[in-house]
Amino acid sequence: MKVSIITDLEGPCGVYGKSDGIGNAIGNPVTAGQALVNEVNAVCRGLVSAGVDEIVVFDGHGAGNSIDIFKLHPKAHLMQFGFLGPIGFFDASYDAVIQLGTHAMQNSNGYLCHTFNSHGYTELRLNGELIGEIGVCSLLAAYFKLPTILVSGDDVACREAREFLGDKVELVPTKASINRYSAVNYPPQAVYAQLERAARSAIEHLDEIPVPVIPENIEMTLQLMCPNQARNFAIAGNEQTDERTVRFTGNDFVDIWAQCNGYNPGTHNKTYGISPDWVLPHPLAEDAFREFAAKY
């Protein structure tokens, strides 16, 4: 069994955030990185105890440099993705997805809340309904028929996950939000124990956790902070509906999300051959190493 762990840095217990004048900034990056890897390792312990044999951790915050690989669980592979490849984090080779260290969407009053870009985006809607990073990542997984089985983060993020994913997903709150820059952290060891238990339970009840349904007809609207940003999308061939809002429509969620990330309509999936059965054409690290060793 193969499981993807998608990480963010705002949600782990002990991460401190502040305003940098426009959006959010992590105030204790060294401690935050340690907090994240501690939570990743707790989840890995639970997955391994439930029989998972392949774990791929995607460092999903900022430039993808939050996780110290030398502190990572020995069974985990670390994936770091740049912008010269597909926009997704996983493919059809996985069995399930975990979202770890999440935060709530913009305007939710959750701790360090924002929607993908705290310096540029003010609102994202899917078919008229507000959606955040938890929902988008869940639908990217659903494109490949993968359930999101566990979500962790502050209490507002966990509530958002429950509303989007339903009653079967495992949730682990790491802190209680007071407002965007204030929270009460729960005791770390208690959080780690809950993460390990929840990961094990999610695998044991995997068949009971549904895959979210992607709408057949998709309309995604993105509201930006600056009109210049909206204009850049319009130049790429997307529809600009007002000074700060762009609109994307279609019936392929990955292609729609690629457009939100700057791709011209229809180009992303064609470039990389993306379909619900697509598998990233790169082997896991130990497979590549064994092949190299056999040759030399």
Side-chain angles (χ1 to χ4, degrees), residues 6 8 10 22-24 60-62 83 86-90 97 99 102-144 146 148 151 153 156-157 159-166 180 211-272 274-276:
I6 310 302
D8 214 337
E10 289 83 1
I22 298 176
N24 302 329
H61 179 79
F83 292 102
I87 54 91
F89 318 117
F90 22 69
V97 172
Q99 295 188 45
T102 67
H103 55 80
M105 69 176 75
Q106 180 82 320
N107 302 318
S108 65
N109 208 41
Y111 189 65
L112 298 179
C113 64
H114 64 283
T115 300
F116 288 101
N117 183 347
S118 66
H119 296 75
Y121 300 169
T122 61
E123 181 182 278
L124 184 67
R125 289 182 180 268
L126 175 65
N127 289 352
E129 299 294 327
L130 287 169
I131 190 170
E133 296 181 32
I134 294 170
V136 169
C137 289
S138 297
L139 292 179
L140 287 172
Y143 183 88
F144 298 106
L146 309 176
T148 296
V151 178
V156 182
R159 186 161 59 246
E160 183 178 315
R162 177 69 75 209
E163 292 173 356
F164 192 86
L165 293 166
R180 190 174 189 179
V211 177
V213 177
I214 300 175
E216 184 175 342
N217 297 304
I218 303 166
E219 177 192 69
M220 187 166 280
T221 56
L222 175 62
Q223 188 180 82
L224 301 133
M225 288 184 182
C226 177
N228 295 344
Q229 295 169 297
R231 180 59 179 162
N232 289 338
F233 281 100
I235 291 171
N238 303 116
E239 178 186 359
Q240 184 174 353
T241 61
D242 63 34
E243 186 181 50
R244 295 188 296 114
T245 306
V246 288
R247 178 174 177 261
F248 315 92
T249 59
N251 56 17
D252 187 295
F253 187 78
V254 169
D255 187 67
I256 293 293
W257 184 239
Q259 292 177 49
C260 288
N261 283 270
Y263 283 87
N264 291 344
T267 61
H268 173 272
N269 289 13
K270 181 179 179 181
T271 299
Y272 299 106
I274 303 295
S275 73

Give a yes or no answer on whether the side chain of S108 reaches the backbone of M105 with a donor-acceptor pair at less than 3.5 Å. yes

Quick check against the 3.5 Å criterion: does Q240 have a side-chain atom that pairs as donor or acceptor with the backbone of E243? yes

Rounded at 0.5 Å granularity, tell me how far CD in E133 sits from CG in D8. 5.5 Å

Would a distance-only check, ignoring hydrogens and angles, find a side-chain to backbone donor-acceptor pair under 3.5 Å from R180 to C113? yes

Using the test ring pair (Phe, Tyr, Trp, His ring centres under 6.0 Å), find all partners of F233 that sit at least two apart in sequence or belong to another chain. F248

Side chain T115, main chain L124, donor-acceptor under 3.5 Å: no

Calculate, to the nearest 0.5 Å, the distance between atoms CD1 and CD belonging to I6 and Q99 respectively. 7.5 Å

State whether the number of non-hydrogen atoms from other residues, nucleotides or ligands found under 6.0 Å of R125 atom CZ is greater than 12. yes

State whether the side chain of N127 and the backbone N or O of N217 hold a donor-acceptor pair below 3.5 Å, judged by distance alone. yes

Qualifying residues under side chain to side chain contact (heavy atoms under 4.5 Å, CB included), relative to N107, sequence neighbours excluded: none

Residue pairs passing the ring pair (Phe, Tyr, Trp, His ring centres under 6.0 Å) test where at least one lies in residues 108-136, sequence neighbours excluded: H103-H114, F116-W257

Check whether R244 reaches the backbone of L224 with its side chain - one donor and one acceptor, N or O, closer than 3.5 Å. yes

Indicate yes or no for a side-chain donor-acceptor contact from Q259 to the backbone of N238 under 3.5 Å, with no hydrogens or angles considered. no

Has the side chain of D252 got a donor or acceptor atom that lies under 3.5 Å from a matching backbone atom of D255? yes

